[in-house]
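To start, the structure itself, in structure tokens.
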Amino acid sequence: MSENIIGYIDEQGNIIDTQSAGDNCQATPIEYDNSEASLEIIRHSTAHLMAQAISELYPNAQFFVGPVVDEGFYYDFRVDEQIGENDLKAIEKKMKELIKKKYTIEKYEMSKTEALEKFAHDDLKQKVMERIEDDTLSVYKQGDFEDLCRGPHVPSLRFLHNFKLTRVAGAYLGGDEKAEMLTRIYGIAFADKESLKAHITMLEEAKKRDHRKLGAEMELFMFNEEAGAGLPFWMPKGAKLRYKLESILHKAHLMRGYEPVRGPEILKADLWRTSGHYACYGENMYLTTIDEQEYGIKPMNCLGHIQVFKQSPKSYRDLPLRYYEYGVVHRHEKSGVLHGLLRVREFTQDDAHIFCEPEQIASEVLEVVEFVDAVMKLFGFDYTMEVATKPEKAIGEDAVWEMATQGLKDALEGNNLPYTIDEGGGAFYGPKIDIKITDAIGRKWQCGTIQVDFNLPQRFEVEYVAEDNTRKQPVMIHRAILGSFERFIGILTEHYAGEFPLFLAPVQVIFVPISESHADYAYALKRRMRLEGIDAEVYDKNDSLNKRIRNAEKQRVPYVVIVGEEEVTHNTVAIRDRRNKEQYNLTQDEFMVKLTQQLQEGKI
RNA sequence: GCCCAUAUGGCUCAGGGGUAGAGCACUUCCUUGGUAAGGAAGAGGUCGUGAGUUCAAGUCUCACUAUGGGCUCCA
């Protein structure tokens, strides 16, 4: 057996560790490196090593499960002491001590009955075994530490060096909110030191573009303890950015035949009862009483649009009718899930409801998908689509659900658009296509959504007059493309690391006059910019030129423009490119043309 | 909501049972400089909120609020 082989992959793609394979294994060997299979073994063994260290430091610790996940590994366990981030160092240190003992990792098997007996004193192990169907269970042993485990593991602790424990967290036993909460420690491990270092650097880079940090630095948005959690404030620069995004999207909606509407923020609770929100979504709603009448603050915009639709009789000739609204909604999210702009309690959706005939579903859904694609391309986002099916808490008949779900799949399949299925992930009133985009550190966020709804039209008796003069029920398609301005701007900020394209940047140009005598020229330029709808600032504070240039650069604006004697004389500007730091001169007119042309990039 | 952690001037952070400190930012003055920090002076904080322990609490304890890392859920 080669020194560097830590396991094998059989023909089915299963990983077999050296303990299980024996000496004459014919399967493909797994070398000790950063391949997927190798990391799987290394990380799993590192999780066990961590458990061993924890059991030495906290002798009464009991262990649940310690799997490998996308970003490394974790172990769930129960312990009497409180473990905080500061304790991770001590655990790491103990792990390194254990490595020095060069334990081999041995495997032995026993029947489930024997195992149940062996771990009779350990209720967590009993719970683990409840979830296992096999009759034969394996135990891995290193030094005095042994643990029930399926493997695979490295042959010896000597293969483990490059790891880091990253965070400590609480996790419900088995992911069940009603179950006891265990302590979870996350860690990461690699085959070599460089990869570990690179990973840590990547995390630090991601931290630098965290939208919460940039949002504060760039004065885009803020939160306020006195106002309450999850309630964002938009500062002037953030509001400008948001307004630009709203305008781009507003035009895009009009071009696609949408009509703006607007509903009230609060509606009587009876309407929410009719819709089913009261029963299915009530725990997330803010309710209030006015003149002994119960009202609900809207968590969604559909009801308003339905009332507008119903205001006058509609003909099949009116369909499809596309109502859209930047709808402000309030949802009572649990305090622990709030996260910068990505998860808030008040947010504005770019919401639309398309009322159409059942035969129009596929073409309407497809048009929305194309709209989504145009928006995602504009910002350079990768995204995936997911068809979400009927959840446990749902209204409407199964047959209706099936028809709607199939409609969504047909629209995607008919146009060769790839998608995955999220079983049980639908809204309570219908199936949906979720559009998920990936942020700067690889987290996936749901943004856009397309939902087919046969239920609300029925509940509210929404009707149109068909060609044969009978009354029919339209289908409602709920859709959002950004999802919410809050979340989308949060993701955009991280995506661009704060360096927004010209058509979004809250400040598009900063003029830096070389000395006081050139300030007038700079202000004249600023006025000219404003007439063209371009946001510019003049940095003429009593600071050195270098410092003002530095401050301007730190603002992450698309253009920093220096003006001095030469520019004033020739009516030109000296532009610093923010990317390559080169500079070039243009006449005022050329610069204006360049800017207005570049603004066109924001059209969809 | 639950587990763990954190909370000191606008920002980043140091300090620590005897009554608060730095850098940046801010104000004023000098400096008018051609591409990432010129110099000087000044102002600014009941140390998140409320209780408790103590002769004495910003420092210790508890509760609450907010934030961060997770669990669960969602745009």
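We use all heavy atoms of the structure for the numbers below, so side chains are in, but hydrogens, waters and symmetry mates are not. Note that the structure is predicted; figures quoted are calculated from it, not measured.
- Base contact: A:E565 has a heavy atom under 4.0 Å from a base atom.
- Contact annotation for A:E566: base contact, defined as any heavy-atom pair under 4.0 Å involving a base atom.
- Between A:Y539 and B:rU35, a side-chain N or O to OP1/OP2 separation shorter than 4.0 Å is absent.
- If you check every strand for non-hydrogen atoms under 4.0 Å, A:G483 touches sugar and phosphate atoms only.
- In this structure, the CG atom of A:L338 is 9 Å from the P atom of B:rG1, given to the nearest Å.
- Straight-line distance from the CG atom of A:L545 to the P atom of B:rG38: 10 Å, rounded to whole Å.
- For the pair A:R343 and A:I83, nearest-nucleotide mapping onto RNA chain B gives the more 5' position to A:I83.
- At a threshold of 4.0 angstrom between heavy atoms, the contacts of A:A574 include nucleobase atoms, whether or not backbone atoms are also involved.
- For B:rU35, neither phosphate oxygen OP1 nor OP2 lies less than 4.0 angstrom from any side-chain nitrogen or oxygen of A:Q583.
- Among the atoms of the strands shown, none is found under 4.0 Å from any heavy atom of A:G174.
- Contact of A:R487 with B:rC74 (side chain to base): a donor-acceptor pair of N or O atoms is detected under 3.5 Å.
- A distance of about 15 Å separates the C1' atoms of B:rA7 and B:rG15, rounded to the whole Å.
- In this structure, A:T183 does not reach the B:rC3 phosphate: none of its side-chain N or O atoms is under 4.0 Å from OP1 or OP2.
- In the interface, the side chain of A:N542 is paired with the base of B:rU31 through a donor and an acceptor atom under 3.5 Å apart.
- In this structure, A:R167 reaches the B:rG70 phosphate: one of its side-chain N or O atoms is under 4.0 Å from OP1 or OP2.
- At a threshold of 4.0 angstrom between heavy atoms, the contacts of A:K213 with the nucleic acid are absent.
- Atom CD1 of A:I562 sits about 6.5 Å away from atom CZ of A:R576, to the nearest 0.5 Å.
- Backbone-only engagement by A:A229 is indicated by non-hydrogen atom pairs under 4.0 Å involving sugar-phosphate atoms exclusively.
- For A:R256 (side chain) and A:A252 (main-chain N/O), a donor-acceptor pair under 3.5 Å exists by modelled atom type.
- Put simply, CZ on A:F163 and CG on A:L49 are 5.5 Å apart, with the number rounded to the nearest 0.5 Å.
- Heavy atoms of A:G564 sit under 4.0 angstrom from at least one base atom.
- Among the heavy atoms of the strands lying under 4.0 Å from A:E516 is at least one base atom, whether or not backbone atoms are also near.
- A straight line from CG of A:N284 to C1' of B:rG1 spans 12 Å, rounded to a whole angstrom.
- A salt bridge links A:E364 with A:R322: the distance from a Lys NZ or Arg NE/NH1/NH2 to an Asp or Glu carboxylate oxygen falls below 4.0 Å.
- Contact check, A:Q446 against B:rA75: a side-chain N or O comes under 4.0 Å of OP1 or OP2.
- Salt bridge status for A:K541 with A:D543: present, with a side-chain N to carboxylate O gap under 4.0 Å.
- Within 3.5 Å, a donor on the side chain of A:E567 pairs with an acceptor on the base of B:rG34, or the reverse.
- Contact annotation: A:H339 side-chain N/O to B:rC74 OP1/OP2 distance is not under 4.0 Å.
- The distance from atom CG of A:D543 to atom C1' of B:rU27 is 13 Å, rounded to the nearest whole Å.
- Taking 4.0 Å as the cut-off between side-chain N and carboxylate O, A:R343 and A:E333 count as a salt-bridged pair.
- Spacing between atom CD1 of A:I514 and atom P of B:rU35 amounts to 8 Å, rounded to whole angstrom units.
- Using a 5.5 Å limit on the distance between ring centres and a 30° limit on the angle between planes, the aromatic ring of A:F488 does not count as stacked on the six-membered base ring of B:rA75.
- Between the side chain of A:E219 and the main chain of A:P236, no donor-acceptor pair closer than 3.5 Å is present.
- Salt-bridge annotation for A:D123 and A:R78: present, with a side-chain N of the basic residue lying under 4.0 Å from a carboxylate O of the acidic one.
- An OP1 or OP2 oxygen of B:rA75 is reached within less than 4.0 angstrom by no side-chain nitrogen or oxygen of A:S484.
- Residue A:G490 is out of contact with every strand shown, counting any heavy-atom pair closer than 4.0 Å.
- In RNA chain B, consecutive stretches of 3 or more Watson-Crick or G-U wobble pairs with both distances under 3.5 Å are given as paired ranges: B:1-7 with B:65-71, B:10-13 with B:21-24, B:26-30 with B:38-42, B:48-52 with B:60-64.
- In this view, A:K125 and A:D147 satisfy the side chain to side chain donor-acceptor pair (under 3.5 Å) rule, not counting sequence neighbours.
- Residue-level contact check: A:V344 touches the bases, meaning some heavy atom is under 4.0 Å from a base atom.
- In this structure, CG of A:L342 is placed 18 Å from P of B:rC73, rounded to the nearest angstrom.
- In this structure, A:R242 fails the cation-pi test against A:Y326, since its NZ or CZ atom is not both closer than 6.0 Å to the six-membered ring centre and inside 45 degrees of the ring normal.
- Base contact: A:E333 has a heavy atom under 4.0 Å from a base atom.
- As a whole-Å value, the separation of A:R479 CZ from B:rA75 C1' is 13 Å.
- Using a 4.0 Å heavy-atom criterion, one finds that A:L182 contacts no nucleic acid atom at all.
- Using a 4.0 Å heavy-atom cutoff across all strands shown, A:R184 reaches sugar-phosphate atoms only and no base atom.
- For the pair A:E177 CD and B:rC71 P, the interatomic distance rounds to 13 Å; values are reported in whole Å.
- Note on A:K541: every side-chain N or O is 4.0 Å or more away from OP1 and OP2 of B:rG33.
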